[in-house]
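Beneath this line is the structure, given in structure tokens, with notes to follow.
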Number of protein chains: 2
Amino acid sequence: MPGTSHDFTARLRAAGLRPTRQRVALARLLFEGGSRHVTAESLHVEVKSAQMPVSLATVYNALNQFRDAGLLREVVVAPGRSYFDTNTGHHHHFFVEPDGALHDFPSDKVTIAGLPAPPKGTRLSRVDVIVRVRR
Amino acid sequence: MPGTSHDFTARLRAAGLRPTRQRVALARLLFEGGSRHVTAESLHVEVKSAQMPVSLATVYNALNQFRDAGLLREVVVAPGRSYFDTNTGHHHHFFVEPDGALHDFPSDKVTIAGLPAPPKGTRLSRVDVIVRVRR
DNA sequence: AAGGAGTTTAGAACAGTTCTAAATACTGCA
DNA sequence: TGCAGTATTTAGAACTGTTCTAAACTCCTT
Ligand SMILES: [Mn+2]
Ligand SMILES: [Mn+2]
Ligand SMILES: [Zn+2]
Ligand SMILES: [Zn+2]
């Protein structure tokens, strides 16, 4: 089952991060199920209610490090709060207001045609599509 | 010149807002040039360096009220800070990192095909396309 | 002109995030 | 296995953007 390796110690080491107890616990929560969207606060609650309490500062550190290492992607859809996304492949999002829930949808069935060229002196970095929906 | 009316007093009144000195000053800065993207902080600096100092709380109040009245649209592209957009029509954005600059592009030349249906129990509210570019 | 509701303001409060620096844990090497 | 050295964790302080509070002020109606 390649790509779904549950050897978090190895995976963290491969990302250049020491496999500390805290990082392994967070990686387990983040990566051992399917694709997830968490906030620092929600992950902190989750890791506390499991057997392994981790400080909020460490949750923030880990999320930022995982993102910098390419293990997570940061998603900004609402003011004041960042989401971290375990799905690092190309995809887009439904954002359900006012719940704050995010749902993925694959980008390969979506066609975006007619985008203008990037402004002078810039290179394209990423195209985000956010489909905002309401209950 | 309809739609470009510079009678801000009337325009505010039409939006259900009393045309106070502060709101008129802010409306002038926001709406009398072309399309703009401001933050509360940038607009506060601007209004202070003009003849009319307005408190930061009032800038926030006005931006939120103008948005609620449909005079502005709020754009969330970066963590920790909201942009307010005087262009309330359908359009999308280039976001230049790390500058934080926003540039409009019209949505009518862009075709987005193949979007999945909104999740059960939700209605489409808006589709935002953010083209992130780097220098 | 007066009354009353709406608005502004300074400063406090708040929420999310980052920083500090002291304690602790991991790793490589003896 | 033990040690030294570096990385990491942590509690709490600090910081940033935003909202709230409540007292002073202003706009509007009469
Ligand atoms: Mn960050
Ligand atoms: Mn707001
Ligand atoms: Zn996602
Ligand atoms: Zn715009």
Side-chain angles (χ1 to χ4, degrees), chain A residues 7-29 37-48 50-69 71-72 74-84 98 100, chain B residues 7-29 37-48 50-69 71-72 74-84 98 100:
Chain A
D7 185 349
F8 296 109
T9 291
R11 220 156 130 192
L12 288 170
R13 239 192 276 274
L17 297 166
R18 281 197 189 173
T20 62
R21 249 178 311 129
Q22 292 87 341
R23 295 210 271 229
V24 171
L26 294 170
R28 211 185 293 284
L29 290 173
H37 303 95
V38 303
T39 63
E41 197 59 50
S42 78
L43 184 60
H44 187 223
V45 166
E46 198 176 336
V47 76
K48 273 190 300 188
Q51 65 288 340
M52 154 76 43
V54 173
S55 78
L56 183 57
T58 295
V59 172
Y60 274 105
N61 288 342
L63 287 172
N64 286 330
Q65 291 153 352
F66 290 5
R67 177 206 52 213
D68 293 347
L71 268 34
L72 291 176
E74 190 169 359
V75 181
V76 180
V77 284
R81 157 163 323 207
S82 272
Y83 289 79
F84 289 87
Chain B
D7 186 350
F8 296 109
T9 291
R11 219 157 130 190
L12 288 170
R13 239 192 276 275
L17 298 166
R18 283 199 188 170
T20 62
R21 253 180 306 130
Q22 293 85 343
R23 295 210 270 229
V24 171
L26 293 170
R28 210 185 293 285
L29 290 172
H37 303 94
V38 303
T39 62
E41 197 57 52
S42 78
L43 184 59
H44 187 223
V45 167
E46 199 177 336
V47 76
K48 273 189 300 187
Q51 65 289 339
M52 154 74 44
V54 173
S55 78
L56 183 57
T58 295
V59 172
Y60 274 106
N61 288 341
L63 287 173
N64 286 330
Q65 292 153 352
F66 290 5
R67 177 206 51 215
D68 292 347
L71 268 33
L72 290 177
E74 190 169 358
V75 180
V76 181
V77 283
R81 156 161 324 207
S82 271
Y83 289 78
F84 290 86

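Labels below follow one simple rule: chain letters A, B, ... track the order of the sequence lines, proteins then strands, and each chain is numbered from 1.
Between the C1' atom of D:dT16 and the NE2 atom of B:His44 lies a distance of 15 Å, rounded to the nearest Å. Taking atom CG of B:Asn64 as the reference point, atom C1' of C:dG6 lies 17 Å away to the nearest angstrom. Atom pair A:Gln65:CD and C:dC19:C1' shows a separation of 14 Å (rounding to whole Å applied). Rounded to whole Å, the distance from CG on B:Leu63 to C1' on C:dT7 is 16 Å. Taking atom CG of B:Leu43 as the reference point, atom C1' of D:dT18 lies 15 Å away to the nearest angstrom. Here the P atom of nucleotide C:dT9 and the NZ atom of B:Lys48 are 12 Å apart, to the nearest Å. Rounded to whole Å, the distance from CZ on B:Arg23 to P on D:dT26 is 15 Å. Put simply, CG on A:Asp68 is 16 Å from C1' on D:dA7, counting in whole angstrom units.
The shortest side-chain heavy-atom distance between A:Arg13 and A:Thr9 falls under the 4.5 Å cut-off. Residues B:Val24 and B:Arg28 meet the side-chain proximity criterion, which asks for heavy atoms closer than 4.5 Å. Inter-residue side-chain proximity for B:Asp68 and B:Gln65 is flagged as unmet; no heavy-atom pair is nearer than 4.5 Å.
Put simply, B:Tyr60 has no side-chain N or O that comes within less than 4.0 Å of OP1 or OP2 on D:dT19.
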Sequence-aligned protein contact record of nucleotides 23-30 of chain C, with B where the base is within under 4.0 Å of a protein heavy atom and S where only the sugar-phosphate is: --SBS---
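When all heavy atoms of A:Ser82 and A:Val76 are compared, the closest pair comes out as OG-CG2, 4.3 Å. Pairing each heavy atom of B:Gln22 with each of B:Thr58, the nearest pair is CB-CG2, 4.0 Å.
Comparing B:Thr39 and A:Asn61, the nucleotide of DNA chain D nearest to each residue sits closer to the 5' end for A:Asn61.
Shown here are the side-chain hydrogen bond (donor to acceptor under 3.5 Å, both in side chains) partners of B:Glu41, two or more places apart in sequence or in another chain: there are none.
When atom types are taken as modelled, the side chain of B:Arg23 and the backbone of B:Arg18 share a donor-acceptor pair closer than 3.5 angstrom.
Here the CZ-CG distance, from A:Phe84 to A:Leu72, works out to 7.5 Å after rounding to the nearest 0.5 Å. If you take CG on B:Asn61 and CG on B:Leu17, they are separated by 11.0 Å, rounding to the nearest 0.5 Å.
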Review item, nucleotides 11-14 of chain D N/O atoms under 3.5 Å of protein N/O:
none

